[in-house]
2 protein chains.
Amino acid sequence: MTDDDAVFRALADGSRRQLLDRLRARDGQTLGQLCQGLAMTRQAVAKHLAILEEANLVAWHRQGREKLHFINPVPIHQIARRWVTQFDQPRLDALAALKERLEAPGTTDDIE
Amino acid sequence: MTDDDAVFRALADGSRRQLLDRLRARDGQTLGQLCQGLAMTRQAVAKHLAILEEANLVAWHRQGREKLHFINPVPIHQIARRWVTQFDQPRLDALAALKERLEAPGTTDDIE
DNA sequence: TTGACAGGTAACCATTTGGTTGCATATTAA
DNA sequence: TTAATATGCAACCAAATGGTTACCTGTCAA
């Protein structure tokens, strides 16, 4: 509950979901790149990114004077596991099992 | 964006997620029942339920002087479809296809 | 018919949120 | 070295949010 909260809050804002969309389209963008075309100041975008970082949805890496942002899909998957798959039992139980079997071989990341 | 927004906003609050949890545990509860044990006035709970209604996550039906609340899993599924399954392509594409076959009417447990 | 019960409505309040402006700092290029 | 570039930080602001109290309405049972 405590950890999900940051993710749900982060996803609650349309601008932040838009930022995630942009990163999903092209990962590793700088703050400046992420600002382009948005009707918002750079500082506002930076605040949104900070909230996404707090929710662990975005990580970054400094390169010179630039800050490269990377998306992290794990928290959303975790939430989906706890919320969507439970939502209508038991039809999706079989699905969850299948999902694990599908994702298991050769995958190293988001399945704990 | 416009329709998802209400759902994301509704899910952003912990009290509202708790209400959904309660309805998931037992569907069709009255306002009074949903208030029990919560550290919040009835009016506050009613406001939360109104927000869940706006997001189409909860529907209700009047029975005498009582208001029975029912959960609707569809919006969360829609969001999951648009967000989770897109999040790491293409590994989950096969999963989405399977999901549709699983969820198609008439299919129960016949996959294994 | 008259309370008691379930819920609705409205005014109000403190805090959070999403945004701004202004200025400071660090890195790169000329 | 100097100027432009990329980002950081802080103060401030309006509006939204989550909650309250107070009172009103409709329904059921005695």
Side-chain angles (χ1 to χ4, degrees), chain A residues 1-23 26-71 75, chain B residues 1-23 26-71 75:
Chain A
M1 169 148 48
T2 20
D3 204 24
D4 284 3
D5 197 61
V7 181
F8 276 116
R9 289 248 176 119
L11 291 176
D13 185 83
S15 302
R16 288 193 286 271
R17 294 197 302 276
Q18 201 178 341
L19 286 171
L20 287 180
D21 272 333
R22 288 181 164 223
L23 283 179
R26 181 151 67 98
D27 212 9
Q29 294 187 68
T30 69
L31 174 58
Q33 289 174 324
L34 288 170
C35 286
Q36 288 177 356
L38 295 185
M40 198 182 330
T41 61
R42 171 181 52 84
Q43 287 88 338
V45 175
K47 281 190 186 180
H48 283 307
L49 287 170
I51 291 173
L52 291 170
E53 286 164 29
E54 259 182 73
N56 202 28
L57 284 163
V58 161
W60 53 271
H61 162 238
R62 169 133 280 136
Q63 189 176 64
R65 59 183 164 183
E66 294 182 328
K67 194 178 179 182
L68 307 181
H69 297 80
F70 298 89
I71 199 169
Chain B
M1 172 157 39
T2 23
D3 203 25
D4 285 2
D5 197 60
V7 181
F8 275 115
R9 287 249 175 119
L11 291 176
D13 185 83
S15 302
R16 287 193 287 270
R17 293 197 302 275
Q18 202 179 341
L19 286 170
L20 287 180
D21 273 333
R22 288 182 163 221
L23 284 179
R26 181 151 67 99
D27 212 9
Q29 293 188 69
T30 69
L31 174 59
Q33 290 174 322
L34 288 170
C35 286
Q36 287 176 356
L38 294 186
M40 198 182 330
T41 61
R42 171 181 53 84
Q43 287 88 338
V45 174
K47 280 190 186 180
H48 283 306
L49 287 170
I51 290 172
L52 290 170
E53 286 164 29
E54 260 182 73
N56 202 29
L57 285 163
V58 161
W60 52 270
H61 163 237
R62 168 134 281 137
Q63 189 176 66
R65 59 183 165 182
E66 295 181 330
K67 194 178 181 182
L68 307 181
H69 296 80
F70 299 89
I71 200 169

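We name chains A, B, ... by the order of the sequence lines, and we start the count at 1 in each one. Because the structure is predicted, anything quoted here is derived from the model rather than measured.
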**Asked** In whole angstrom, what separates B:Lys47's NZ from C:dT9's C1'?
**Response** 10 Å

**Asked** Which pair of heavy atoms, one from A:Phe70 and one from A:Gly28, lies closest together, and at what distance?
**Response** CE2-CA, 3.4 Å

**Asked** Can you tell me if B:His69 uses its side chain to pair, donor with acceptor, with the backbone of B:Gln29 under 3.5 Å?
**Response** yes

**Request:** Please answer whether the main-chain N or O of B:Thr30 pairs with a side-chain N or O of B:Gln33 as donor and acceptor at a distance below 3.5 Å.
**Result:** yes

**Message:** Could you tell me the boundaries of the chain B footprint on DNA chain D, defined by atoms under 4.0 Å from its heavy atoms?
**Reply:** D:dT17 to D:dC28

**Complete:** A:Arg16 atom CZ is separated from C:dG18 atom C1', nearest whole Å, by 8 Å

**Message:** What is the separation between atom CE on A:Met40 and atom C1' on C:dT21, rounded to the nearest whole Å?
**Reply:** 16 Å

**Request:** Could you state the atom-to-atom distance from CG of B:Leu34 to P of C:dG8 in whole Å?
**Result:** 12 Å

**Message:** Please report the distance, rounded to the nearest Å, between CD in A:Gln43 and P in C:dT25.
**Reply:** 16 Å

**Heavy-atom pair with the smallest gap, counting every atom of B:Ala55 and B:Pro75** = O-CG, 3.8 Å

**Asked** Roughly how far, to the nearest 0.5 Å, is CG of B:Leu19 from CG of B:Asp13?
**Response** 9.0 Å

**Message:** Reading DNA chain C from 5' onward, which residue's closest nucleotide shows up sooner: A:Gly64 or A:Ala44?
**Reply:** A:Ala44

**Message:** What's the separation between atom CD in B:Gln18 and atom CG in B:Leu20, rounded to the nearest 0.5 Å?
**Reply:** 10.5 Å

**Request:** Please determine if a side-chain N or O atom of A:Thr41 lies less than 4.0 Å away from the OP1 or OP2 oxygen of C:dG19.
**Result:** no

**Message:** Closest-nucleotide mapping onto DNA chain C: is A:Gln63 or A:Val45 further toward the 5' terminus? I mean the 5' end.
**Reply:** A:Val45

**Message:** Nearest 0.5 angstrom please: B:Leu52 CG to B:Arg16 CZ, how far?
**Reply:** 6.5 Å

Nucleotide N/O of nucleotides 3-7 of chain C paired with protein N/O under 3.5 Å:
{"residue": "C:dC5", "atom": "O2", "partner": "B:Arg65", "partner atom": "NH1", "Å": "2.9"}
{"residue": "C:dG7", "atom": "OP1", "partner": "B:Leu31", "partner atom": "N", "Å": "3.2"}
{"residue": "C:dG7", "atom": "OP1", "partner": "B:Lys67", "partner atom": "N", "Å": "3.1"}
{"residue": "C:dG7", "atom": "OP2", "partner": "B:Gly32", "partner atom": "N", "Å": "2.7"}
{"residue": "C:dG7", "atom": "O3'", "partner": "B:Arg62", "partner atom": "NH2", "Å": "3.0"}
{"residue": "C:dG7", "atom": "N7", "partner": "B:Arg42", "partner atom": "NH1", "Å": "3.3"}

Which donor-acceptor pairs under 3.5 Å do side chains of residues 34-42 of chain B form with protein atoms, sequence neighbours excluded?
{"residue": "B:Thr41", "atom": "OG1", "partner": "B:Ala44", "partner atom": "N", "Å": "3.3"}

**Asked** Does B:Arg17 reach the main-chain N or O of B:Leu11 with its side chain, forming a donor-acceptor pair under 3.5 Å?
**Response** yes

**Fill in**
Here the distance between atom P of C:dG18 and atom CG of A:Leu11, to the nearest Å, is 12 Å

